[in-house]
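Each chain gets a letter, A, B and so on, in the order the sequences are listed, and its residues count up from 1.
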Number of protein chains: 4
Amino acid sequence: MRNRARILRIARGQLAAGDRSLQLNAIARLAGVGVGTVYRHFPNRHALVEALSEERFRELIGEAQAAVAAEDPFAGLRRLLRFALDLMLDAPDFADVLESAGGVGSQASKMMAELDEAVTGLLDRARLTGAVRDCVDAEDVRRLLCGVQHAVRSGDGARRDLYLGVLLEGLRPPR
Amino acid sequence: MRNRARILRIARGQLAAGDRSLQLNAIARLAGVGVGTVYRHFPNRHALVEALSEERFRELIGEAQAAVAAEDPFAGLRRLLRFALDLMLDAPDFADVLESAGGVGSQASKMMAELDEAVTGLLDRARLTGAVRDCVDAEDVRRLLCGVQHAVRSGDGARRDLYLGVLLEGLRPPR
Amino acid sequence: MRNRARILRIARGQLAAGDRSLQLNAIARLAGVGVGTVYRHFPNRHALVEALSEERFRELIGEAQAAVAAEDPFAGLRRLLRFALDLMLDAPDFADVLESAGGVGSQASKMMAELDEAVTGLLDRARLTGAVRDCVDAEDVRRLLCGVQHAVRSGDGARRDLYLGVLLEGLRPPR
Amino acid sequence: MRNRARILRIARGQLAAGDRSLQLNAIARLAGVGVGTVYRHFPNRHALVEALSEERFRELIGEAQAAVAAEDPFAGLRRLLRFALDLMLDAPDFADVLESAGGVGSQASKMMAELDEAVTGLLDRARLTGAVRDCVDAEDVRRLLCGVQHAVRSGDGARRDLYLGVLLEGLRPPR
DNA sequence: AATGAATGAGTCTTCATTCAT
DNA sequence: TATGAATGAAGACTCATTCAT
C-alpha cells in the first residue's frame with residue numbers, strides 16, 4: 001500500500017496549500033500514479049477526506065479520553081475544546097467531517113461515535129459539579145465548536161481564545 | 001425591470017430549495033428568460049448574491065436600529081440575534097455574505113458597516129448595564145452568530161434556541 | 001446624421017486602438033447611442049467597414065488620378081504605391097477591403113473600379129516606356145501591394161521601403 | 001495514438017474545406033471522439049495548428065536543404081519558393097504560422113529557425129553569383145512570400161506564377 | 001494491482017441580432 | 001428615428017468517472 005500512502009500525502013499537501021477541491025485527477029498526477037489507482041483506493045472525494053480524517057480523529061479521541069480523567073472536568077473540557085479547535089483550524093476538511101452528520105456505516109461515523117461517547121462522559125462529570133448546563137449533549141458541543149471554528153476562521157485568527165471563551169461560558173448553566 | 005425581479009425570485013427559490021450553486025444558466029431557464037438577460041443584470045454569481053442580500057440587509061439593519069432603542073439592551077440584543085439567525089437559516093447565501101469580510105467598495109460592505117454600527121451602539125448600551133463582556137465588538141458578535149448558524153444548520157434545526165442561548169450567555173461578562 | 005458620424009468616429013478609434021473586432025454593441029455603447037441606432041445605419045459589420053473605407057478610398061483615388069498625370073509614369077507608380085501602402089498600414093480594415101474581391105453592387109466595389117481604372121491608365125502609360133511588364137493589370141498590382149502590406153506588417157515595419165522596392169522592381173519587364 | 005492522428009486528419013480536412021476556425025468541439029464530433037480527448041491532445045487551437053504545421057515544416061525544411069545544394073542557386077530559390085507557395089496555398093494555417101513571428105520557445109519557432117538557416121545559406125550562395133540583392137535576408141523572403149500567398153489567394157489562383165515571378169525578379173539586385 | 005487514455009455531460013460566457021416601446 | 005432590454009445559438013472548457021490493456 002505504498003501508493004495509498006503517497007496519495008494521502010499528496011492530498012494533505014493540497015489541502016495545506018489551500019486547495020480544498022481535492023480533485024482526484026490532479027492528485028493522481030501529483031502522486032505520479034494513474035487515476036484508476038486513486039479511484040480504487042478512494043472511490044470518491046469523500047472517501048479520501050474520511051481517510052485523511054482518520055489520523056486526526058485518533059488524536060482527538062485520545063485527547064477526549066484523557067480529558068475524561070481530568071481532575072477538574074470543566075478544565076478538561078476547556079483543554080479538549082481548545083485542542084479540537086486548533087485541529088480544525090489547521091485542517092478545514094477535518095472540520096467539515098466533524099460538522100457533518102456522518103453517513104451511516106462509514107468509518108468516520110464510528111469514530112465520531114467514539115468521540116461523542118468520550119465527550120458525553122466528560123459532560124456528565126462536569127454536570128455533577130454544576131459546571132455545565134443540563135440540556136447540552138456531546139453532539140451539541142461538537143457542533144457549537146465547529147461554529148466557533150467558522151467564526152475564528154472568518155476573522156484573522158486572533159480571536160480564537162475569546163470566541164472559545166464565549167462558548168465555554170455559554171455552556172455553563174445560565175444564572 | 002420585471003425580469004430582474006423574476007430572476008431574483010427564482011434565485012431565492014433555488015436557495016430555499018437547497019441548491020446553493022446559483023447557476024446562472026439554470027436560473028435563466030427557470031425564470032423563462034434568456035441567459036443573456038441574466039448576464040446583463042448580474043454579470044456573475046457574486047453580483048446576484050449581493051443583490052439577493054440587499055433586501056435582507058435592509059431588514060436586518062432596520063431591526064438592529066430598532067433594537068438600539070429597546071428598553072432593556074440585552075433583551076434587544078437577544079431579539080436581534082434571534083431575528084438575524086432566522087434570516088440566515090432561511091438564506092444560507094446571506095449567511096455567507098454576513099460571514100465574509102466584505103470586499104472593499106462593494107455595496108454589501110457599506111451595508112455591513114451600517115449594520116455593525118447599529119450593533120456597536122447596542123453593545124455599548126448593554127455594557128453600561130453590565131450585561132455584556134468588555135472585549136467583544138459588533139464584528140465578533142456577527143461572526144459568532146454566523147458560527148451558531150452553522151451549528152444549528154448542521155443539526156436538525158431543533159437546537160436553535162439552545163445554541164442561541166449558549167451564545168447569549170457566553171457574551172455576558174464571565175463570572 | 002449626427003449619430004452616423006459619431007459612430008464612425010468611435011469605430012475609427014477602436015481600429016486605431018488595435019481592436020479590429022468592431023463589435024456593434026461595443027461601438028454603440030462607446031458612442032452613447034442605442035444598439036438599434038447603429039444597426040439602422042450599418043446593418044452589419046461589413047457595412048460599417050465599407051463606410052469607414054469611403055474616405056480612404058477617395059483619398060487614394062485622388063492620388064491615383066494625380067499619378068496618371070505624372071511626367072514619369074514609373075515614378076508616379078512608385079509614389080502611388082507608397083501612399084497606398086502607408087494608408088493600409090495605418091488602417092488594416094481598409095487593407096482588407098482593398099484585398100477583397102468586393103461584393104457586387106456595393107459602394108466599395110464602385111470605388112474599387114474607379115481606383116483600378118486610374119491605375120490601369122497609369123500602367124498603360126508606364127508600359128509605353130517599357131517600365132512595366134506586359135501581363136500585369138491594375139488588379140494584380142493592387143493584390144500584390146496588399147501582399148507587401150502583410151509582409152511589412154508581419155515584420156517590425158522597418159522593411160517598408162525594401163519590400164516596396166522589391167515589388168516595384170518585380171513589376172518591371174523581366175530581363 | 002490512433003486518436004491523435006484521427007484528430008489531425010479531421011482538422012486538416014476542415015482546413016481544406018475552407019473552415020479555418022478549427023473549433024475543437026466540432027473536430028471532436030467529426031472525429032467521432034470525445035471533446036475531452038481533443039483537449040487532452042491539444043489544449044487549445046494553437047497547439048493543434050502547431051501540430052498540423054509540423055509535417056509541413058519538415059517537408060519544407062527538407063526542400064530548402066535540398067535547394068542549397070542546387071547547381072544554380074537562383075533556380076533553387078525559384079523551385080523552393082514555388083514549393084513553399086503551393087504548400088501555403090494548400091494550408092492557410094501553415095501560412096499563418098510561417099507569417100507569424102513565432103512565439104519564443106515554441107516547437108514551431110525552432111523549426112522556423114532551421115528553415116531560415118537553410119534559406120540563408122541559399123541566399124548567400126545566390127548573392128555570390130549576383131543573382132540576389134544584398135540587403136534581403138531569409139526572414140524577408142519568407143515574409144514576402146507569405147505576402148505573395150495572400151495576393152494569390154485573394155485572386156482566383158491563376159496568377160500564382162505571375163506573382164511569384166514578380167517576387168523573384170524583385171529579389172534580384174536593382175538595375 | 002495499476003495504468004492513463006477516453007468519455008461526454010455539464011457549465012460558463014459571449015455577442016450578433018431583433019423588436020416592443 | 002431612437003432606444004436598449006432581451007434573446008439564445010454557439011462555442012470554450014472542465015472534470016468525475018469508466019474501462020481496455
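- Atom CZ in C:Arg2 sits roughly 15 Å away from atom P in F:dT1 (whole-Å rounding).
- Nucleotide F:dG11 forms a pair with E:dC12, judged by Watson-Crick or G-U wobble geometry with both contacts under 3.5 Å.
- Judged by distance alone, with hydrogens and angles left aside, the side-chain atoms of D:Arg6 form no donor-acceptor pair with the main-chain N or O of D:Gly32 at under 3.5 Å.
- The side chain of D:Tyr39 lies closest to F:dT14, out of E:dA16, F:dA6, F:dT14.
- The side chain of C:Asn3 places no N or O atom within less than 4.0 Å of a non-bridging phosphate oxygen (OP1 or OP2) of F:dT1.
- On a pure distance criterion of 3.5 Å, no polar donor-acceptor pair joins the side chain of A:Arg40 and the base of E:dA1.
- A salt bridge is absent between B:Glu114 and B:Lys110; no separation between the charged side-chain nitrogens and carboxylate oxygens falls under 4.0 Å.
- The base-pairing partner of F:dA20, taking Watson-Crick or G-U wobble contacts with both distances under 3.5 Å, is E:dT3.
- At a threshold of 4.5 Å between non-hydrogen side-chain atoms, the residues A:Glu54 and A:Glu50 do not count as touching.
- Taking every heavy atom of residues 22-35 of chain B and every atom of DNA chain F, pairs under 4.0 Å involve B:Val33, B:Gly34, B:Val35, by number.
- With D:Arg56 as reference, D:Asp90 is the one residue of D:Val97, D:Asp90, D:Leu98 to meet the side-chain contact (heavy atoms from CB on, under 4.5 Å) rule.
- Rounded to an integer number of Å, the gap from CG of D:Asp19 to P of F:dA10 is 14 Å.
- Note: A:Phe94 and A:Phe57 have perpendicular aromatic rings, judged against thresholds of 30 and 60 degrees for the angle between ring planes.
- Salt-bridge formation is detected for the pair C:Asp93/C:Arg45: a Lys NZ or Arg NE/NH1/NH2 atom is positioned less than 4.0 Å from an Asp or Glu carboxylate oxygen.
- Side-chain contact check for A:Leu22 versus A:Leu15: some heavy-atom pair is nearer than 4.5 Å.
- Applying the 4.0 Å criterion to OP1 and OP2 of E:dT3, one finds that A:Thr37 has a side-chain N or O inside that range.
- Annotation: of the two residues near DNA chain E, B:Gly36 and D:His41, the 5′-most nearest-nucleotide partner is D:His41.
- One atom, CZ of C:Phe42, and another, P of E:dT17, lie 15 Å apart when rounded to the nearest Å.
- Of the candidate nucleotides F:dT3, F:dT17, E:dT3, F:dT17 has the atom nearest to the side chain of A:Asn44.
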